[in-house]
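Bear in mind that the values here come from a model prediction, so they are computed numbers and not experimental data. Both ligands and their constituent atoms are indexed starting at 1 by order of listing.
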Amino acid sequence: MGYSMCWLEYEKLSKKEVERYSEWFESLAMLGDVPKEVVEELKKFARESLGVQLRTFTRFLKKKRYILVGLLNSLPFDLDASEQKPEGFVLKTLKVGNSSVIVLTGKTRASLVYGTYELIKRVRLGEDLESLDVLENPKVRFRMLNHWDNLDGSVERGYAGNSIFFKENEVIVNERTKDYARLLASIGINGVVLNNVNVKKKELHLLEPAYLEKLKKLADVFRRYGIRVFLSVNFASPMHLGGLETADPLDKRVFEWWKKKVEEIYDYIPDFGGFLVKADSEFNPGPHMFGRTHAEGANMLARALAPFEGYVIWRAFVYNCMQDWRDYKTDRAKAAYENFKPLDGQFDENVIVQIKYGPMDFQVREPVSPLFGALERTNQMLELQITQEYTGQQIHLCYLGTLWKEILDFDTFAKGRGSFVKRIVDGTIFGMENGGIAGVSNVGDSENWTGHDLAQANLYTFGRLAWNPDEEIEKVVKEWIVLTFGKKEKVLENVSYMLLKSHRAYEKYTTPFGLGWMVNPGHHYGPNPEGYEYSRWGTYHRANWEAIGVDRTSRGTGFTLQYRSPWREIFDDVNTCPEDLILFFHRLPYTFKLKSGKTLIQAMYDLHFEGVEEVEDFLRKWEELEGLIDQRVHERVRERLRMQLEHAKEWRDVINTYFFRRTGIPDEKGRRIYP
Ligand code: GCU
């Protein structure tokens with residue numbers, strides 16, 4: 001096959017487990033229209049993990065135990081399904097005559113697919129099937145992956161090989177496409193954007209028949225697993241492809257062009273999801289070029305898509321990327337709010353504004369964007385970055401679930417206490433139901449899909465949290481480990497320790513206190529304290545000999561004022577501002593005293609030494625697992641951990657040296673810092 005199936009490798013279960021579960025998986029009763037994907041998956045699992053041949057029937061059986069699958073309206077008995085949403089499923093163990101029957105049902109084909117993966121997962125986790133009583137609905141409407149894949153096969157910010165969708169300007173549809181759809185369906189993803197948000201010359205043509213023909217084939221595969229495909233589009237497409245001299249959203253000819261284009265797309269892909277648009281951002285065209293607003297731009301596209309239940313996902317990543325570093329007034333952090341808050345209420349129902357988690361750009365630590373909770377009448381999609389652009393590029397182990405959980409649990413106070421980000425994107429707080437969570441994919445054509453084997457945990461966790469943002473992170477980690485590596489206690493213990501501590505460790509040896517950006521320009525790997533200091537990107541820390549950080553308080557750029565109370569006061573006051581963000585919000589002298597009593601500079605040194613020690617610890621913990629994990633995987637991860645350790649030391653020494661040279665303040669503990 002040439003690639004692993006990550007958490008869907010159906011390894012043979014122990015003898016005891018086989019005895020416990022086999023009987024269920026010998027017979028499958030199917031009522032009405034049951035997707036062949038469901039049957040295939042159950043058969044595959046039964047064969048590979050339990051060593052039994054699953055036989056299928058289209059009637060009730062007299063067997064002692066069996067599984068019954070059917071859409072809700074094909075079942076002859078009444079299951080109370082009033083709570084069930086279209087994608088939700090029921091798994092229930094019922095007594096039917098003398099039989100014990102696991103009933104899997106739902107309202108749509110997708111729901112049956114989701115329920116199938118849940119049932120298999122429960123068996124693999126060793127859970128009880130005798131008294132199942134599960135009704136599960138996804139909490140979030142749109143659970144999306146954004147691929148930044150280009151037609152030539154490259155992946156922007158991709159660290160796992162080439163694209164699985166495109167190669168040398170061709171669309172790839174093969175067995176792996178289906179296996180990808182299986183992986184995504186098993187974690188509840190229901191939408192995939194196939195191409196990069198930066199739509200360049202070649203990718204413009206994805207909207208033309210020659211490509212639509214091929215994209216249709218991809219969509220046909222994904223549809224069977226409940227996944228809709230979306231495309232990133234260039235706002236100026238009518239000019240490039242349609243020969244118009246304008247892309248002004250209020251120009252009738254422009255709308256007509258899009259309308260026809262959309263009709264054409266739906267001829268090929270009847271359940272096409274819609275467009276993702278990066279407009280007026282980092283040199284991509286948008287409505288501002290024609291003196292129009294983002295709402296006017298987005299709504300024009302939305303109206304072309306509405307008759308087909310298509311959506312426009314419009315990114316809020318809009319800022320001045322041509323700033324002068326000498327300009328102290330402009331604060332990039334304020335840009336998304338300034339651009340979008342005034343448009344609240346102006347977007348059509350099928351427009352969703354996609355907001356990066358932080359006000360800057362996927363740094364290892366940023367405050368949650370104040371735009372969440374500021375928009376009350378706009379559908380919102382949270383954008384996370386699964387691919388590790390600024391978090392170690394899949395060379396470093398950096399498990400992101402812990403960070404994402406903090407973001408989802410952030411209380412915006414938009415409607416008083418409890419207005420968490422997760423409750424905004426799931427529609428609870430403002431009743432805007434077309435919300436969602438999008439993740440920039442970390443997948444490529446490498447053997448293990450994600451470059452670093454342990455980065456599979458990020459993809460897995462993303463899906464699980466998008467389905468249910470209330471899920472406990474320790475539980476998700478444990479699940480992933482068992483599904484990927486089996487049930488060995490030591491593996492579970494060490495790998496969960498490593499994953500759960502890894503983001504904080506990365507933060508410690510790179511840029512703690514919300515500093516961010518001290519990376520090499522362009523590729524964004526490795527330390528460079530002034531890499532972004534004199535550039536045009538609005539990314540400055542302004543360190544001099546006595547102080548560091550940007551004053552974003554009400555006395556400075558005023559960024560804190562974009563938050564609701566009590567956050568604006570909390571962030572505004574250096575005494576209450578969370579310390580892990582203190583240099584994001586405040587400009588402070590190096591001798592500033594932290595709550596621990598340490599000076600900022602001493603804490604900076606300490607964290608960098610600690611961070612490296614933690615990576616040493618991860619490596620030790622991983623070494624202990626030799627022989628307990630597939631040898632190739634073990635070696636691959638060990639290789640990366642060794643590189644991580646070297647690179648972490650580089651980070652430590654460059655950053656510590658930078659601060660020492662700026663301040664002349666030595667490390668109290670006398671450790672080695674280069675003078
Ligand atoms: C980051 C990233 C770019 C990407 C951009 C975006 O700046 O470095 O590669 O295009 O985000 O999200 O649009």
Inset, instruction - Would you please indicate if the ring centroids of Tyr509 and His396 are separated by under 6.0 Å? - result: yes
Legend entry - Tyr506 ring center near His647 ring center (under 6.0 Å): no
Legend entry - ligand 1 contact on Asn196 by region, counting heavy-atom pairs under 4.0 Å: neither
Legend entry - side-chain hydrogen bond (donor to acceptor under 3.5 Å, both in side chains) partner of Asn150, the single match among Asn195, Asn162, Asn196: Asn196
Legend entry - Pair Tyr399 + His452: ring centers closer than 6.0 Å: no
Inset, instruction - Would you mind finding which of Phe283, Phe317, Tyr319 brings a heavy atom closest to atom 6 (C) of ligand 1? - result: Phe317
Inset, instruction - Under 4.0 Å from a heavy atom of His524: give me the atoms of ligand 1 that qualify, with their elements. - result: 8 (O)
Legend entry - Heavy-atom side-chain proximity of Trp148 to Val197 below 4.5 angstrom: yes
Inset, instruction - Examine Arg303 relative to Phe255 and say whether NZ or CZ is less than 6.0 Å from the centre of the six-membered ring and inside a 45° cone about the ring axis. - result: no
Legend entry - Nitrogen or oxygen atoms of Glu383 and ligand 1 under 3.5 Å apart: no
Legend entry - Heavy-atom nearest neighbour in the protein, as seen from atom 10 (O) of ligand 1, with distance rounded to 0.1 Å: Asn198 ND2, 2.9 Å
Inset, instruction - Output yes when the distance from some N or O of ligand 1 to some N or O of Lys356 is under 3.5 Å, and no in every other case. - result: yes
Inset, instruction - Would you mind checking which non-hydrogen protein atom is closest to atom 5 (C) of ligand 1, with the distance to 0.1 Å? - result: Glu282 OE1, 3.5 Å
Inset, instruction - Pick out which of Tyr311, Phe235, Trp258, Trp314 makes a ring-ring contact (aromatic ring centres under 6.0 Å, His included) with Phe275. - result: Trp258
Inset, instruction - For Glu156, take its heavy atoms, then give the atoms of ligand 1 lying under 4.0 Å from any of them. - result: 3 (C), 4 (C), 9 (O), 10 (O)
Legend entry - Ring centre gap for Trp404 and Tyr357 strictly below 6.0 Å: no
Legend entry - Distance from atom 13 (O) of ligand 1 to nearest protein heavy atom, with residue and atom: Lys278 NZ, 2.6 Å
Inset, instruction - Heavy-atom contacts with Asp361 under 4.0 Å: which atoms of ligand 1 show up? List them by number with element. - result: 1 (C), 7 (O), 11 (O)
Inset, instruction - Decide whether the shortest distance between a heavy atom of Trp148 and an atom of ligand 1 is less than 4.0 Å. - result: yes
